[in-house]
Amino acid sequence: MTEEQIRMRFARRLSLAQCEEIYDNLARLDATGVKYILYAGSLLGAVLYGEVLPWDDDVDVLLLEDVDRQWLQSRLPELTARQHCAQLVKIFRPAKGASNGVPPGTLSLDVLKSFRDGDQLCHRSMWGGIDRFPIDKVIPLRRLKFGPVDAWGPHCPQEFCQIKYGRACLESALPPFWDHVAKARTRYPQMRVPLAEIERVMGYRAHFEQS
């Protein structure tokens, strides 16, 4: 992959103001006391960079207790909680004149459901399939640096990421395949690029949270 392609596919997707908004939404969720962990690309961002993954454009958390949209809305009256599908509630700042659904271009905190299956914590993906994680990789929870927020993460964050994305996720990255703001596929070829090369070209500084 050329440097020009890396700059296009791994550029920061959120402005400073957008990051502040999305961190604030997470801090408000954290203050409710609900049990959750950073999940998917957000956990990977916390492990690698201590912040939102530079080429990501939302924040994902996985609930560890059974609360619904109504509960979230009652604890977050200054935000809007919308049911996106059975497994996902999107939390965002309300926009003037907004009706049902999530307005185009909205930055959301994606709150996902989990369930227990024996000694595994599971998530039924909206993309199909079930993600499964040994509970001893999750509990006890630990605090992780995530931008200005101390957020909850699994006990073994690196191993958790590798279970979801494969061992290569700590050494290389795939460009985003979905634009959450535009609500469309990016159509970038899904080819892994070494993180060292991305960091060299883009100037990102690794944080690398230890398990």
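Predicted model only: the values in this text are computed from it and were never measured.
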Heavy-atom side-chain contact between Tyr188 and Trp55 under 4.5 Å | no
Are any non-hydrogen side-chain atoms of Met1 and Phe10 less than 4.5 angstrom apart?
-> yes
CG on Asp136 to CD on Gln120, rounded to 0.5 Å = 10.5 Å
Is there a side-chain contact between Phe115 and Ile130 (heavy atoms, below 4.5 Å)?
-> yes
If two hydrophobic side chains count as joined below 4.5 Å and joins carry through other members, does Val47 share a cluster with Leu174?
-> no
Mind checking the CD-CG spacing from Glu21 to Leu79? Nearest 0.5 Å is all I need.
-> 9.0 Å
Here the gap from Gln70 atom CD to Gln83 atom CD, rounded to the nearest 0.5 Å, amounts to 7.5 Å
Take His155 and Val138 through the test side-chain contact (heavy atoms from CB on, under 4.5 Å) and record every step on the way to the result.
-> CA-CA 5 Å; His155 183 60; Val138 182; 6.0 Å; no
Joint cluster assignment, Leu144 & Ile139, ILVMFWY side-chain distance < 4.5 Å | yes
Take Lys164 and Phe133, measure what side-chain contact (heavy atoms from CB on, under 4.5 Å) needs, and give me the verdict at the end.
-> CA-CA 8 Å; Lys164 180 163 178 60; Phe133 308 92; 4.0 Å; yes
Answer yes or no: is there a side-chain heavy-atom contact under 4.5 Å between Asp179 and Arg185?
-> no
So, Glu51 versus Tyr204: side-chain donor-acceptor pair below 3.5 Å or not?
-> no
Sub-4.5 Å side-chain heavy-atom contact between Glu159 and Pro134 | no
Measure the spacing between NZ of Lys137 and CD of Gln158 and express it to the nearest 0.5 Å.
-> 11.5 Å
Taking Gln5 for its side chain and Thr2 for its backbone only, find out whether a donor-acceptor pair lies under 3.5 Å.
-> yes
I would like to know whether Leu195 and Tyr49 meet side-chain contact (heavy atoms from CB on, under 4.5 Å); could you show each step before the answer?
-> CA-CA 11 Å; Leu195 288 173; Tyr49 299 108; 3.8 Å; yes
Closest non-hydrogen atom pair, Pro148 against Tyr23 = CD-CD1, 3.3 Å
Give every residue pair that meets the salt bridge (charged side-chain N to carboxylate O under 4.0 Å, His left out) criterion with at least one member in residues 108-126, sequence neighbours excluded.
-> Lys90-Asp110, Asp117-Arg132
Closest approach of Asn25 to Leu109 (non-hydrogen atoms, all atoms of both residues) | O-CD2, 3.8 Å
Heavy-atom pair with the smallest gap, counting every atom of Arg13 and Pro176 | NH1-CB, 3.4 Å
Any ion pair linking Arg7 and Glu4 (charged N to carboxylate O, less than 4.0 Å)?
-> no
Linking I/L/V/M/F/W/Y whenever any side-chain heavy atoms sit under 4.5 Å apart, do Met8 and Leu14 land together?
-> no
Step-by-step side-chain contact (heavy atoms from CB on, under 4.5 Å) determination, Phe146 to Val59 = CA-CA 10 Å; Phe146 194 62; Val59 170; 3.9 Å; yes
Shortest non-hydrogen pair, Ala81 vs Arg69, comes out as O-NH1, 3.1 Å
How about Met191: does its CE atom have over 12 heavy atoms from other parts shown lying under 6.0 Å from it?
-> no
Side-chain contact, heavy-atom cut-off 4.5 Å: Met126 with Leu112?
-> no
Inter-residue atom distance His123.NE2 - Leu63.CG, 0.5 Å rounding | 10.5 Å
Any side-chain heavy atom of Leu107 sitting closer than 4.5 Å to one from Asp57?
-> no
Do other residues, nucleotides or ligands put more than 12 heavy atoms under 6.0 Å from Arg192 CZ?
-> yes
May I ask you to test the Gln162-Cys169 pair for a side-chain heavy-atom distance under 4.5 Å?
-> yes
For Asp58 and Ser108, which heavy atoms make the closest approach, and how far apart are they?
-> CB-O, 3.6 Å
Would you mind writing out the side-chain donor-acceptor pairs for residues 27-45 within the sub-3.5 Å range, not counting sequence neighbours?
residue : atom : partner : partner atom : Å
Arg28   : NE   : Asp24   : OD2          : 2.7
Arg28   : NH1  : Glu78   : OE2          : 2.9
Arg28   : NH2  : Asp24   : OD2          : 3.4
Asp30   : OD1  : Tyr36   : OH           : 2.6
Asp30   : OD1  : Arg143  : NH1          : 2.8
Asp30   : OD2  : Arg143  : NH2          : 3.3
Thr32   : OG1  : Leu29   : O            : 2.6
Thr32   : OG1  : Val34   : N            : 3.3
Tyr36   : OH   : Trp152  : N            : 3.3
Tyr39   : OH   : Asp131  : OD2          : 2.6
Ser42   : OG   : Asp60   : N            : 2.8

